[in-house]
Student: 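One structure is given below, represented as structure tokens, and several questions about it will come after.
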Amino acid sequence: MTQKIADLLFPSLPFTTEEVLAKYPSRDLPQGAQVLRVAPSPTGFMHIGGIYAALVSERVAHQSQGVFMLRIEDTDLKREKEGAVELIASSLEEYSIPMDEGVKGDLTEIGAYGPYTQSKRRDIYQAFVKQMVAEDKAYPCFCSEEDITALREKEIALGARPGYHGQFATCRYLTEAQQEEKIKKGLPWVIRFKSNGNYNEKCIARDILRGNREFPQNDLDIVLLKSDGLPTYHFAHIVDDHLMGTTIVLRGDEWFSSLPLHFQLFDAMGWKTPKYAHIAPIQKMEEGAKRKLSKRKDPEASITFYAEQGYPKQSVLEYLMNLANSNFEDWRRQNPVSPLTDFPFKLKKMGSAGALFDFVKLLSVSRDTVAHMSAERVYEEGLEWAEKYDNAFALLMKENKEKMIKILSIERKPSGKGRKDIALWSDIKKEVSCFFDALWEGISEEGKAFLLEHKEAKEIALSYQKIYSSADDNQVWFDKVKQIADEFNYATSMKDYKEHPENFKGSVSDIASLIRVLITGKLQSPDLHDMMQILGEDAVQKRLSAL
RNA sequence: GACCCUAUCGUCUAGAGGCCUAGGACAUUGCCCUCUCACGGCAACAACGCGGGUUCGAUUCCCGCUAGGGUCGCCA
């Protein structure tokens, strides 16, 4: 009976649902393989939470010998921004999150279950929606925006639940003749789901992370197909994830409440439901309260923030992985140089409460990550960053490649137990500034304060200057520092000093610090002897006599 | 308003009735090491939101309360 209406609504579709289904055979995958996808909207903004979800999804898929897809959910033309798809695809590429199927940075698509861009799947959705109308599982609705607003007001006034449901779902009760008349009149329409749910009865929603939860059944006749002919999220989700063979739908928390609806839709189509995992959004602390990272208010919500500030991508990934599975850091200690992909990630170990993004911890993770890198890699990645965000410094780095690598090599050990002064690529400049006249900013505030505390700083510097030689090896170098210490009545051994501090003006530590301040401008630096070797005799002499 | 989710040190968390005197990491503090700063090592500080049950026993199970968060769109 309703076939007539279905034909009237969709007079010319290029294929039937049977033909579509035939083009999407079930996947031939090993036992236990999972198929996951990440499905962002091209809004021109790449949220850090999107990378988080993608990282986790990719791990689950590839660890199980499965498939990871990138699907573009562009069914809302109003929100779409130019270049947004490229941004999404290239972000995944930059963060080394490899996808097997989907849209690539150059906008081409790979994979046999496409297209992976929803706006290119319009006919597919329409074929299924047409079938639903024919089967009386969906119906056209001619309500205008004003009608819907009026309906809501009426419901609220009556104390009823808002929404298009039950007796309030006016278009549900239109006769076929009425439908036909309205269609022929050219009234705009949408297709709504004819829900058979009863709000007063319960249903069970299963979630991998939260377990089985009880919900009221869904009785909302939600929109399946919008007046522009594109599907809503709900319908696109059902159709795509069925056709593409998704086995686990990993998505944000905000979808949890839609679970009864989605189960109901799968059921109406006669399809097997995938498993679901809802993850909590990343939060931030503001005025003592946690709240979701907002793309409007929080620059750190966007991954461009991390790129600009110079956060190494590896560090961000390590931190996110730690947020996802807190035992990651234990594993990392045991396996300091293994690739991230060796970590046995467990979806079930993810927490269900929203995690607070902790920049102090991120920085700590990053220092550690960088400490494990070779000087060459630090140079290369640092240069890559500088070329985008600090041209002048990039130039200097390129002109002084060998010297830069020598500087970065000081106290750098493969074990990662060496220097930890670089967390961000933008830190490199500060750490090498004393080696280049163009960057040298003189003695820092703390350094000046230190010098003021030591009245005889100038004499010490001059005495030391006389005996310093760049030919000295580390041992000789330090013996000379001690010699100066002795000369000015500073303890040459820390032990002596600690036992009888009253016998000395200070310790060799003060002498070393004094030299360090004059040479590097700072109170902290990697190995002083090595620093002075690289600086060279002339520059050292100049700095020592600068007081 | 209705429905749903979440709740352990400052932060990320471990914990799935006795293994908990609640463990780890970051941060903080102290000590040690050392040829200086750092690195590293050791230690300290520091938490089960509140109230009822169930139980011989509850951080763990149940019920309230409270506090955060989410959903209720022709946005995803």
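What you see is a predicted model, and the numbers here were worked out from it, not measured in a lab. Per chain, numbering begins at 1; letters A, B, ... match sequence-line order.
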Student: Sticking with atom C1', work out how far B/U54 lies from B/U59, rounded to a whole angstrom.
Tutor: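 Those two atoms are separated by 16 Å.
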Student: Report the base-pairing partner of B/G68 (Watson-Crick or G-U wobble, both distances below 3.5 angstrom), or none.
Tutor: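 Pairing partner: B/C5.
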Student: How far does the P atom of B/G1 sit from the matching atom of B/C65, given to the nearest Å?
Tutor: 13 Å
Student: Using Watson-Crick or G-U wobble geometry with both distances below 3.5 Å, tell me the partner of B/C26, or none.
Tutor: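 B/C26 is paired, partner B/G10.
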Student: Please give the distance between the C1' atoms of B/A25 and B/G15 as a whole number of Å.
Tutor: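 After rounding to an integer number of Å, I get 16 Å for this pair.
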Student: Tell me the interatomic distance from A/Trp331, atom CH2, to B/A14, atom P, rounded to whole angstroms.
Tutor: 19 Å
Student: Please tell me which of the listed nucleotides, B/A27, B/A76, B/C74, lies nearest to the side chain of A/Val190?
Tutor: B/C74
Student: Among the nucleotides B/G73, B/C74, B/G24, which one has an atom lying closest to any side-chain atom of A/Arg333?
Tutor: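 Looking only at side-chain atoms, A/Arg333 lies closest to B/G24.
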Student: Given that A/His234 and A/Leu209 both sit by RNA chain B, which one's nearest nucleotide is further toward the 5' end?
Tutor: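 This one resolves to A/Leu209.
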Student: Scan every strand shown for a Watson-Crick or G-U wobble partner of B/C74, both distances under 3.5 Å, and answer none if you come up empty.
Tutor: none
Student: I'd like to check the salt bridge (Lys or Arg N to Asp or Glu O under 4.0 Å) partners of A/Arg332; sequence neighbours left out, ordered by chain and number.
Tutor: A/Glu318
Student: Have A/Thr492 and A/Asp486 got a donor and an acceptor in their side chains that come within less than 3.5 Å?
Tutor: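 Checked: A/Thr492/A/Asp486 side chains show no N/O donor-acceptor pair below 3.5 Å.
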Student: Using Watson-Crick or G-U wobble geometry with both distances below 3.5 Å, tell me the partner of B/C56, or none.
Tutor: B/G18
Student: With no hydrogens and no angle check, do the side chains of A/Asp240 and A/Tyr125 hold a donor and an acceptor under 3.5 Å apart?
Tutor: yes
Student: The side chain of A/Leu323 is closest to which nucleotide in this list: B/C74, B/C72, B/C12?
Tutor: B/C12
Student: Among B/U6, B/C75, B/G70, find the nucleotide with the atom closest to the side chain of A/Glu254.
Tutor: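 Looking only at heavy atoms from C-beta outward on A/Glu254, the closest nucleotide is B/G70.
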Student: Would you mind reading off the distance between A/Asn322 atom CG and B/A25 atom P, rounded to a whole angstrom?
Tutor: 12 Å
Student: Can you find a side-chain donor-acceptor pair between A/Ser144 and A/Asp147 that sits under 3.5 Å?
Tutor: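 Their side chains do contain a donor-acceptor pair, which is all the 3.5 Å distance test asks for.
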Student: Between B/C61 and B/A16, how far is it from one P atom to the other, in whole Å?
Tutor: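 Per the computed distance, 11 Å lies between those P atoms.
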Student: When the distance from CZ of A/Arg251 to C1' of B/C5 is rounded to whole Å, what number comes out?
Tutor: 15 Å
Student: Just the rounded figure in Å: distance from P of B/C35 to OH of A/Tyr464.
Tutor: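 That distance rounds to 17 Å.
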Student: Output all residues satisfying salt bridge (Lys or Arg N to Asp or Glu O under 4.0 Å) with A/Glu329, sequence neighbours left out; order by chain, then residue number.
Tutor: A/Lys361
Student: Within the pair A/Lys78 and B/C75, is there a side-chain N or O less than 4.0 Å away from OP1 or OP2?
Tutor: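 Answer yes for this pair, as a side-chain N or O of A/Lys78 is under 4.0 Å from OP1 or OP2.
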Student: For a quick check, with a 4.0 angstrom heavy-atom cut-off, what is the B/S/- contact string for nucleotides 36-44 of chain B, read 5' to 3'?
Tutor: BBBSS----
Student: Which whole number of Å gives the distance between the C1' atom of B/C74 and that of B/C26?
Tutor: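 That atom pair is separated by 47 Å.
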Student: Checking side-chain polar atoms at under 3.5 Å, does A/Ser433 have a donor or acceptor matched by the opposite partner on A/Glu441?
Tutor: no
Student: Within the structure shown, what part of the strands sits under 4.0 Å from A/Thr75 by heavy-atom distance: base, sugar-phosphate, or nothing?
Tutor: sugar-phosphate
Student: Using atom C1' of each nucleotide, how far apart are B/G49 and B/A67 to the nearest Å?
Tutor: 8 Å
Student: Rounded to whole angstrom, note down the P distance from B/C4 over to B/C45.
Tutor: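 My reading of the P atoms in B/C4 and B/C45 gives 43 Å.
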Student: Taking only N and O in the side chain of A/Arg79, is any of them less than 4.0 Å away from OP1 or OP2 of B/G73?
Tutor: no
Student: Roughly how far apart, to the nearest Å, are B/U29 and B/A46 at atom C1'?
Tutor: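 It comes out at 12 Å once rounded to the nearest Å.
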Student: When you match A/Trp255 and A/Thr492 each to their closest nucleotide on RNA chain B, which lands nearer the 5' end?
Tutor: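 Nearest-nucleotide comparison on RNA chain B picks A/Thr492.
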Student: Which nucleotide, in any strand shown, forms a Watson-Crick or G-U wobble pair with B/U34, with both distances under 3.5 Å?
Tutor: none
Student: Grab the CG-P distance between A/Leu356 and B/C9 for me, whole Å please.
Tutor: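 In whole Å, B/C9 P lies 12 Å from A/Leu356 CG.
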Student: Could you tell me whether A/Phe256 contacts a base, only the sugar-phosphate backbone, or nothing, with contacts defined as non-hydrogen atoms closer than 4.0 Å?
Tutor: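 A/Phe256: backbone/sugar contact only, no base atoms under 4.0 Å.
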Student: Mark yes or no for a side-chain to base donor-acceptor pair under 3.5 Å between A/Ser257 and B/C4, with no hydrogen or angle criteria applied.
Tutor: no
